[in-house]
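What follows is a set of notes on a single structure, which appears directly below.
Worth knowing before you read on, the calculation uses all heavy atoms, side chains too, and leaves out hydrogens, waters and symmetry mates.
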2 protein chains.
Amino acid sequence: MSAGETVHLTLDEVRALAKAGLAKTGLSPDHVDAVAETMVSGERDGCASHGIYRLLVAASSVKSGVVVPDAVPELSEPSPALVRVDGKGGFAQLPFRLGAPLLAEKARKFGIAAMGLNNVVHFAALWPEVEELTRQGLVALAVTPSHAWVAPAGGTKPVFGTNPIAFGWPRSSGEPFIFDFATSAVARGEIELHRRAGKPVPDDWGYNADGHATTVAEEVLSGAMRTFGGHKGSALAAMVELLGGPLIGDMTSLQSIEADGGRGGSPIGGEFIIAIDPAGFVGDLLAEYMKHAEVMFETITGQGARLPSQRRYEARKKSLVQGVEIPAALMRDIEKLLEES
Amino acid sequence: MSAGETVHLTLDEVRALAKAGLAKTGLSPDHVDAVAETMVSGERDGCASHGIYRLLVAASSVKSGVVVPDAVPELSEPSPALVRVDGKGGFAQLPFRLGAPLLAEKARKFGIAAMGLNNVVHFAALWPEVEELTRQGLVALAVTPSHAWVAPAGGTKPVFGTNPIAFGWPRSSGEPFIFDFATSAVARGEIELHRRAGKPVPDDWGYNADGHATTVAEEVLSGAMRTFGGHKGSALAAMVELLGGPLIGDMTSLQSIEADGGRGGSPIGGEFIIAIDPAGFVGDLLAEYMKHAEVMFETITGQGARLPSQRRYEARKKSLVQGVEIPAALMRDIEKLLEES
């Protein structure tokens, strides 16, 4: 989607469009609601790649049989402070919605709790889920493996997914502190954009299939990407695999890409989320300790540095009032989808 | 400590030396035991900077009044799945020993549990604690703030500590998967070594007090270090501050360096540890899912890449049989300490 002609939409129009498009794919109504909401969040926060554009990705996932469109997720409690939701092969959003209230309840009751989403199709960012938990006053950490596309530090063959880590901290005034980043050096979509544009990539983004550094985007996509931050990023990527895979009884990224069998579908597998009650340790002193966190945030922003989600919140503030602009070409693709019989 | 003359010691001799030296500082016997053991672990695993050398650091911390030598840590249970140990200003090792059995018990009972150590003096690595929990079959994650020495991405003034993150995963055969790294670009000790040697540092290690990149080690030490991995490492450093500080009712790195008041002591504050029962989600299928984790490890090592702690384990294997070599100059300093009246 290059710059150029755009179409103006209010966020309600984005929501209506997302719902109509998702319904058209054959997704059951509760999945439509849950998935549409994350597309609205992405578009609202200026994350075009996680916005209404994902409608096309979702439609293709349903059409190719990668996702079960009418999956009915199933909730269980394998241990007192653990929640498990089997997504039965459907999109991840509805299982999260189903399990989040119980996760929050357990975090408040025990001080800390965790949730595993199993057998779900991921195609959204983790920050909307982490933000939802901070809105309920909880501290949250979420990770998910994906497809084996990323080489470990010291190697050149894929083992890890892009393996994002997201964290959220509630703030009494203003928006929560939230980060959500891939442990790969760059997003896979970034390499994809270079491929489409026929542009070379920097030679430290990845390796070709022979294990040599390459500047050809296509070779990185079929070879291996690198982790961010050298051996430290690689160690974190392994942690994400373990927590979001074997720990919760789900697939590693190696297993996920094998299960995909070359269909090129969105990663299927698990997601692991920890929720902590910030009053659990400090009780009545919560407000005082929250102030110390605020001093830290102010020391960051006071020197002109940004907090991780600051850009998103600025976009949000604007789009809630003014709506959003989406590329005309994307709008035409969506209209085509809506007209399909 | 430059290379050169060395003294050979068995690990039992290292232990005896550490205990004698620590006792000499006036540390109470249970603190002596706990602290000595982490020095033995460091020396055994080839981490000289966390080995017997730390005896001099510990002695100086006691002498300068930074640490309470006979602190009696106090255990409490602020929430069903949370353990809190108030270290009363003593070293962190004894509070960890006191709380770890209850943390492990709660992790097995609830599926997940967490521990906050408060008011403790840190001068060791986190991996011995994480490894201890993996030996009990648990998955563990530990973080601790330190002194405000590190600038956030996009800024040049100190906010964060070197803020390590350690993670451990138990393995039925062989040594656990463990990583433990600072979220700063390099260890502070590394810059210190450059300063002593009068060598310039790379210009991406930190900033001088005016906020400019510098190659003068001393200026970085009195200015600000950088985080690893750009804005991602910076986000993680903030997470460590929040979890190991306000969440558990303890100090941020900004507060810790202020409390130090220029004494140059080891960081005082909190440590946050999560323990998870790997059978919590998967129950009887544990062995099967552990195998999937092993496949991932083998795909890493099978392509010639190292697992994070591989070097330590190789050193351990050797030193358990052959003992260790310590610099003769260090041995003389330790003997001097032992002779002091």
Side chains of L236(A) and L236(B), heavy atoms from C-beta outward: is any pair under 4.5 Å?
yes
Would F297(A) and V159(B) count as a side-chain contact (heavy atoms from CB on, under 4.5 Å) here? Give the steps.
CA-CA 9 Å; F297(A) 295 137; V159(B) 175; over 6 Å; no
Starting from the C-alpha separation in whole Å, work towards a yes-or-no answer on side-chain contact (heavy atoms from CB on, under 4.5 Å) for M239(A) and I165(B).
CA-CA 11 Å; M239(A) 179 184 78; I165(B) 301 178; 5.6 Å; no
In terms of heavy-atom pairs under 4.5 Å with chain A, the winner among A293(B), A151(B), G280(B), G211(B) is G280(B)
Counting heavy-atom pairs under 4.5 Å with chain A, the top scorer among G229(B), P152(B), A113(B) is P152(B)
Would you indicate whether the side-chain heavy atoms of F272(B) and I276(A) approach each other to under 4.5 Å?
yes
Honestly, the part of A185(B) sitting under 4.5 Å from a heavy atom of chain A is backbone
Cut-off 4.5 Å, heavy atoms of chain B, and the answer for I274(A) is side chain
Could you check if a side-chain atom of L247(B) sits within less than 4.5 angstrom of a side-chain atom of V139(A), using non-hydrogen atoms only? yes
If you tally heavy-atom pairs under 4.5 Å between each of P158(B), G230(B), G304(B), A238(B) and chain A, the highest tally belongs to A238(B)
Looking only at V83(B), L254(B), I300(B), the option with the highest number of non-hydrogen pairs under 4.5 Å against chain A is I300(B)
Under 4.5 Å to a heavy atom of chain B? For A153(A) that would be backbone
Looking only at G245(B), P246(B), A279(B), the option with the highest number of non-hydrogen pairs under 4.5 Å against chain A is P246(B)
What one should report as the nearest heavy-atom pair of P308(B) and A235(A) is CG-CB, 4.2 Å
When the 4.5 angstrom heavy-atom criterion is applied to L307(B) and chain A, the contacting part is neither
Distance col, row L82(B):CG vs F281(A):CZ, nearest 0.5 angstrom, shows 4.5 Å
side-chain contact (heavy atoms from CB on, under 4.5 Å) for I112(B) and F110(A)? Distances and angles first, verdict last. CA-CA 9 Å; I112(B) 186 169; F110(A) 298 112; over 6 Å; no
Donor-acceptor pairs, chain A vs chain B, cutoff 3.5 Å:
{"from": "S79(A)", "atom 1": "OG", "to": "G280(B)", "atom 2": "O", "distance (Å)": "3.1"}
{"from": "A81(A)", "atom 1": "N", "to": "F110(B)", "atom 2": "O", "distance (Å)": "2.8"}
{"from": "R84(A)", "atom 1": "NH1", "to": "F281(B)", "atom 2": "O", "distance (Å)": "2.9"}
{"from": "F110(A)", "atom 1": "O", "to": "A81(B)", "atom 2": "N", "distance (Å)": "2.9"}
{"from": "T156(A)", "atom 1": "N", "to": "Q303(B)", "atom 2": "OE1", "distance (Å)": "2.8"}
{"from": "K157(A)", "atom 1": "N", "to": "Q303(B)", "atom 2": "OE1", "distance (Å)": "2.7"}
{"from": "K157(A)", "atom 1": "O", "to": "Q303(B)", "atom 2": "NE2", "distance (Å)": "3.1"}
{"from": "A182(A)", "atom 1": "O", "to": "K232(B)", "atom 2": "NZ", "distance (Å)": "2.7"}
{"from": "S184(A)", "atom 1": "O", "to": "K232(B)", "atom 2": "NZ", "distance (Å)": "2.9"}
{"from": "K232(A)", "atom 1": "NZ", "to": "A182(B)", "atom 2": "O", "distance (Å)": "2.7"}
{"from": "K232(A)", "atom 1": "NZ", "to": "S184(B)", "atom 2": "O", "distance (Å)": "2.9"}
{"from": "G249(A)", "atom 1": "O", "to": "Y289(B)", "atom 2": "OH", "distance (Å)": "3.2"}
{"from": "Q255(A)", "atom 1": "NE2", "to": "H292(B)", "atom 2": "ND1", "distance (Å)": "3.2"}
{"from": "G280(A)", "atom 1": "O", "to": "S79(B)", "atom 2": "OG", "distance (Å)": "3.1"}
{"from": "F281(A)", "atom 1": "O", "to": "R84(B)", "atom 2": "NH1", "distance (Å)": "2.9"}
{"from": "Y289(A)", "atom 1": "OH", "to": "G249(B)", "atom 2": "O", "distance (Å)": "3.2"}
{"from": "H292(A)", "atom 1": "ND1", "to": "Q255(B)", "atom 2": "NE2", "distance (Å)": "3.2"}
{"from": "Q303(A)", "atom 1": "OE1", "to": "T156(B)", "atom 2": "N", "distance (Å)": "2.8"}
{"from": "Q303(A)", "atom 1": "OE1", "to": "K157(B)", "atom 2": "N", "distance (Å)": "2.7"}
{"from": "Q303(A)", "atom 1": "NE2", "to": "K157(B)", "atom 2": "O", "distance (Å)": "3.1"}

Of G283(B), G302(B), A182(B), the largest count of non-hydrogen pairs under 4.5 angstrom with chain A goes to A182(B)
